[in-house]
Structure formats: C-alpha cells, structure tokens
Amino acid sequence: MGRLFVVTLEGKIYSCKYCGVHLAVSDDILSKSFHCRYGRAYLFSKVANVTVGETEERMMTTGKHIVADIFCVQCGSNVGWKYETAHEKSQKYKEGKSVLERFKILGPDGSNYLVSHEAHIGGSDADDA
Amino acid sequence: MGGVEHEDPPLKRVKVSYEESDSFSSNASIRELARCLSNNSMARPLESQGDDEVVGVKGVVKKVELVRIIAEALYSLGYEKTGAHLEEESGIPLHSAAVNLFVKQIIEGEWNESLATLHNIGLMDENIVKLASFVILEHKFFELLDGEKIMDALKTLRTEIAPLCVHISRLHELSSLIVSPSQTALDGTSAQRLRIRSRKKLLEELKTLLPSTVMIQEKRLVLLVEQALDLQRDACRFHNSLVDEMSLLTDHQCGRDHIPSQTLQILQEHSNEVWFLQFSHNGEYLASSSSDCLVIIWEVKLDGRISLKHRLSGHQKPVSYISWSPDDHQLLTCGVEEAVRCWDTASGECLNVYEKSGLGLTSCAWAPDGRRIFCGVTDKSVCMWDLEGKDVKCWKGQKTIRISDLGISSDGKQLITVCKENIISLFEWESNSEKFIEEDHTIISFALSNDSKFLLVSLSNQELHLWNIDGTVMLVAKYKGHKHSRLVVRSCFGGLEQAFIASGSEDSQVYIWHRVSGELILTLPGHSAAVNCVSWNPANPHMLASASDDRTIRLWGLNQVNMTQNGEHSNGVCYCKGAT
C-alpha cells in the first residue's frame, strides 16, 4: 500500500495492539475514566497515526455527540473514536479530543489489557472524574 | 518641428503650435481646407488634438505619448527623415525646442549656454537641475584639464561647481585631480575624438537624470513591446516548449498538447509496489525503487524509449529514496531504517554500504561537490560521510525525524530536513545557523527546485505549499486537488524552466499544476493503484515518469496520434518487460 506515513512518538507510548504503530503518549492523557463496550478507555488530547472515519451522531452515556471512529493507519483496526461536536455545554471540553480503547492498545510497558468483567454493555463514554 | 518657446506640458504645447506656429502655417492652411471639404472621408481624425487624447479601446494610452515614442523609435532605427516627418505631420514634437537646443549645446560643448537652457526646460525639481548642472560642469572641468587649462578648471570648480552643494565627496575628488592630474596628456586628435565621444556619454547620463516626460527614454517603444511579450509568455499556462521567436503579430499561447499527457510506455519490471523514482540530472537515466527491496536503473534512449540497464539488489528492506550524484556516475539508495548503498551507474556495482551499528539510516542526499554524502539516522541525527565510507561529521539532537527526507541546497551549505512534525529546518551546517518553516499541519514530504530557491512541501491536509527559501522564507503558492491520507505521496517540479508542479495521488492519477498561477491543468488517469512518486525529466520537458502501487512505472509523453511500430497495441501504448 505504498510507503505509509507514520510518525514516531517519544515518551511513554501507547501503540496499536495488532501492528505496533505508535498511537499516543501518556503525557497526553486527559482522563482514564472513559469506557466502551470492551472496558476502559482513555481520553487523549491528541493521537497520531490514525485515519478518521465518517462522522455520525451517537448517543453516549453523557448525551448526544457527533463522533467519528478512528482507525490505525497501518492495520485498520478500530482503536477508538474522536469527538467532533458535543451538544451539551458541559461536554464541550471533549471536542477535538480522541478516545483510545484500552483493549485495542498496548501500554507503555507493553502491557495488554484484559476485558474487564465490569464491561459496560451498550454504553460508551464517561465524564471526567 | 514645432517652433515652441513655452514650457507648457506637451498637450498645451501642441495646441499652441497648431494654432500659432509659423513653420506650420502652410500645413495648417491645407488642413483647414481639408477639414472644410469633408470630415468623413479623412482617414485621420483631424477635429482637434484635444479631443483625441487617448487611443485604444481601454483609453489608457495617451496619443501624444504614443506618437512621441514612435518618433523616438523611428530615430533609434535610423529613420531620421520619417521621424522628422512624423513630428511635423502630427504636430507633436518629440522633444521641446528647449530640449533640442540643450542637446545641441551639449554636443557642441557650449557649457554655459547649455546650463542656461537647462533652466529653461521647465524642470520642477530643483535637485534635478542641480545634479544635471553638476554633471555638465564636471565634464567641462575634465575637458579643461585635458586641454591643460588648469586655471580655468580651477575657476570652474570654485565658482561654478562648488556653489551647487551637491556630491561633496566627488567635489573633493575633483579638486585633488587639479593637484595631481592623473589624466595624462593625449595627443591632439585622439583627445578630440575622446571628447566628442564622451560628450555623447554625457548626454546619455543626462537623459537618465532628466525626467522621462522631458527626454524620452531611448528605445522606449521596443521596451514596452518586450514587456508585453514577457507577459504573454508568463501567462501562457501550457508553455512547455522552447519557442524560437515570439511573433508580434499574434498573441503567444501554447496548446495543452505541449504537456505530457499520454502514456507512452509501461515498465513492469518490479515485483512489488514502486515507491520512488527519479531521472538523473542529464536525463539519460531513470532510477526506480520498490518495496521488493530492488533498485532498477533504466536507460533513456535517444528516441525516448526506456529500457532496463541494471538491477541493483542488496538491500534487505524496501528502498524509499534515491539520490543521483551531481555527475550522475553514482547513485545513493536508502533502505527504510536500514543502510544506504552507493552504486556505480555504468557497471551496476555496489561501491559502498553506509551503516551505523545499532541504528538505521532514514534518508540520504549527495553533497553538490560529489565528494560527500549526508544521511539521516533513526536517532534523529544527521551524519556526513566521505566516499571511502569514513564518518566525517555528525550533528546530534533533534535534527531529523524518521520519516523525513533530506535535501541539500545547490551551494552545499544548507541541509533541509523535517525536524518536528510540522517544522522544516534549513540548517547551515558550517555556520551552525538555522532557519525554520513552520506549517499548520503535519509535513509528509518535500522537494527542492533545481535552483534551490524553492521548496515544495506536501502536507497532511492534502495541500502542496510552495515556499521561497532564498533570503526571506515566505509562502508563495498552494496547490490542491490530489489525494493522500495515509501514504507518502511525492511531488516534483518540472517542465520548461520548472514551470509546472506534478504530484502523485492516492486516487491513482498524476496531477499537474501550472506553477505560477496554481491552476490544476491536467489529471492523468491510467494507473490502477496509488501513484507514489513522479519525476519530470530535467533534460526533456515532454517526459514525465510515475511510480505506482500497481507495481508499474508509466512514462508519459506528448499526445501522439499514431504509433507505427509493430507488436504494439493499437492505442499506442507499449508494455515493456525489459529491453526493447
């Protein structure tokens, strides 16, 4: 597929579980209290090496948001989503930020994440603690 | 010529001469008669000079000025009689009588008289009068010195030049010449000739000092015509062939058929995606590299056909960049985060392998003197090697990022790399000074123009930005339309005088823009997968090559109606599996 444009990150790196591409650094974590179908998720101020899918309106735990799924640029795995617009004023802080699902990524120490038995079914999102 | 004594502006002067001048009386009466007879049948509008102040559709060309520069053009061409006749017939003198007198006095060396006339010409600016007077008196001074009339020269200096209070330093120089005249005495005849010749030069100098309304610039009409031709050529969006002569009779406009737009050859030698390709500086070779870790050198034959010359194997990783040596005798190839290899073009032999133990090399570039090479390293440093493989110098720190290209200015002084995601560093490695280009989006790749004055930067928002890096760093143009979101898609300069920008695209097409206007002029479909790289032959503005994920290289040329060689498809495309 040609020479993939991939940036290399510095610091404590979260990478794609399937292909190892750098996705984000721990310094950019805004909140660890998000969750998705597969368990925990982290809100990052910025992520790298992802392609953004179609935007759509979704009902999240905290209300209606306009989001787009994000995919690893190398292997295409759906690693999380990005907030484009939030309808509620209190949720505006999420706009432009991205959530990476812990299950889809490897932590800085290479650690994997096992699907939590507290997995929320049918609910994604969270407020900042 | 008009016998005018006034210093009125030209238009008024013309009116006066029309009505009052004696020398015109016979002509004037004839004109009166003609006017009485019939207006309509006269070819020239004679009603009044005043009504016809402008000519032309746009109303910006003043008739008086036009006639004056035509008269000047006639005189410049040597048509004295016609020039004089034009002045007479139009009633528009080229120069006022005062100016003509002035010129005559200068040529004949009547200095004092010329100074008096100078004041009569009607110059508004006192300064100009002073400067012109200075120049004239300076010449008088030199002539006096030449003629060994020292006392007179001194008198001129003291009583005429000094009071002007201009060019004080020059004044001092002149006075020192009296003391020690460096001008040696010449024998009579040559001095005479010299004097007359230099009076002509004096006149030329005065012409530049006096405003152009008073004395028309020499060959002004030709200058304006040349400007128009330049504008026509610049405006020609498809100008891509050497035009021997531009005609004054029709506007210059090239057709689209001067830009490569038809696939002439498809090269299918690579077994995987072709990531990079580049023509050699002399346009005789093409080098291509692929994710199959192979590099191929192709030869461009005189008839424009391309054939395989060498397969260069040795890299263990996909080869992402190629750099031709300035003399095209050698080639540098870079395996992704691996090693850089140097090859001999003629033999295909691998001359050297540049490596850094424990690290990988990410980019390479040849120094313009052909004696050193620069490489980017995975630890973000940039290193310089000599041709024997000796590590000469290393710049550590945040110098380059892994995915960055490496460029060198043609004077060898500036190293160009992407040092942060959205910042390009122009690093003068000898003086250790740096300039930066900062963008709003992530930088994907860049290309340098031949003259190293411009940098074409590809950004993640699918725009190409053209930056001027010669002197003040400045954004000059933007090009849009092509697509890339995941891959490194490369672009280049090309065509006659690099007047065009070409780029690959993830939508399988080649895009071509007109560089100055930013207009997208062509998109070339043909490839069946993303086009990763394009290269325009520097020696042939009609040849463009593109490299694609569909494993082929396409050679694009001018639209040809038919091709008559046997064994080829009827649409004229030749599928090449090696040497023809």
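Residue numbering restarts at 1 for every chain, and letters A, B, ... go by the order of the sequence lines.
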Residue part contacting chain A, namely of [X], when any heavy atom lies under 4.5 Å:
X: B/R490; value: side chain
X: B/K420; value: neither
X: B/S445; value: neither
X: B/V336; value: side chain

Could you state the interatomic distance from CD1 (B/I401) to CD (A/E10), rounded to the nearest 0.5 Å?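 Result: 10.5 Å between the selected atoms.
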
Rounded to the nearest 0.5 Å, what separates atom CG in A/N49 from atom OG1 in B/T442?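 It comes to 9.0 Å.
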
What heavy-atom pair brings B/R486 and A/T51 nearest, and what distance separates the two atoms?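 Minimum heavy-atom separation between B/R486 and A/T51: CG-CG2, 3.5 Å.
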
Is B/L487 close to A/F5 at the side-chain level, that is, under 4.5 Å between some pair of heavy atoms?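 No; the side chains remain at least 4.5 Å from each other.
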
Could you check whether any side-chain heavy atom of A/R3 comes within less than 4.5 Å of a side-chain heavy atom of B/V489, counting everything from C-beta outward?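 Side-chain contact under 4.5 Å: no.
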
Test your reading of the model: is there a side-chain donor-acceptor pair from B/D549 to the backbone of A/G2, 3.5 Å cut-off?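 Yes; at least one donor-acceptor contact below 3.5 Å.
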
Please check if the number of heavy atoms outside A/K92 that lie under 6.0 Å from its NZ is greater than 12.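 Atom NZ in A/K92 is crowded, with more than 12 foreign heavy atoms closer than 6.0 Å.
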
Check the surroundings of atom NZ in B/K356: do more than 12 heavy atoms from other residues, nucleotides or ligands lie under 6.0 Å from it?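 Yes, the 6.0 Å shell around NZ holds more than 12 heavy atoms from other groups.
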
Toward chain B, the part of A/V7 with a non-hydrogen atom under 4.5 Å: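 When you check distances to chain B, only side chain atoms of A/V7 fall under 4.5 Å.
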
Residue selection (most heavy-atom pairs with chain A, distance under 4.5 Å) from B/S404, B/S320, B/S485: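 Between B/S404, B/S320, B/S485, the count favours B/S320.
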
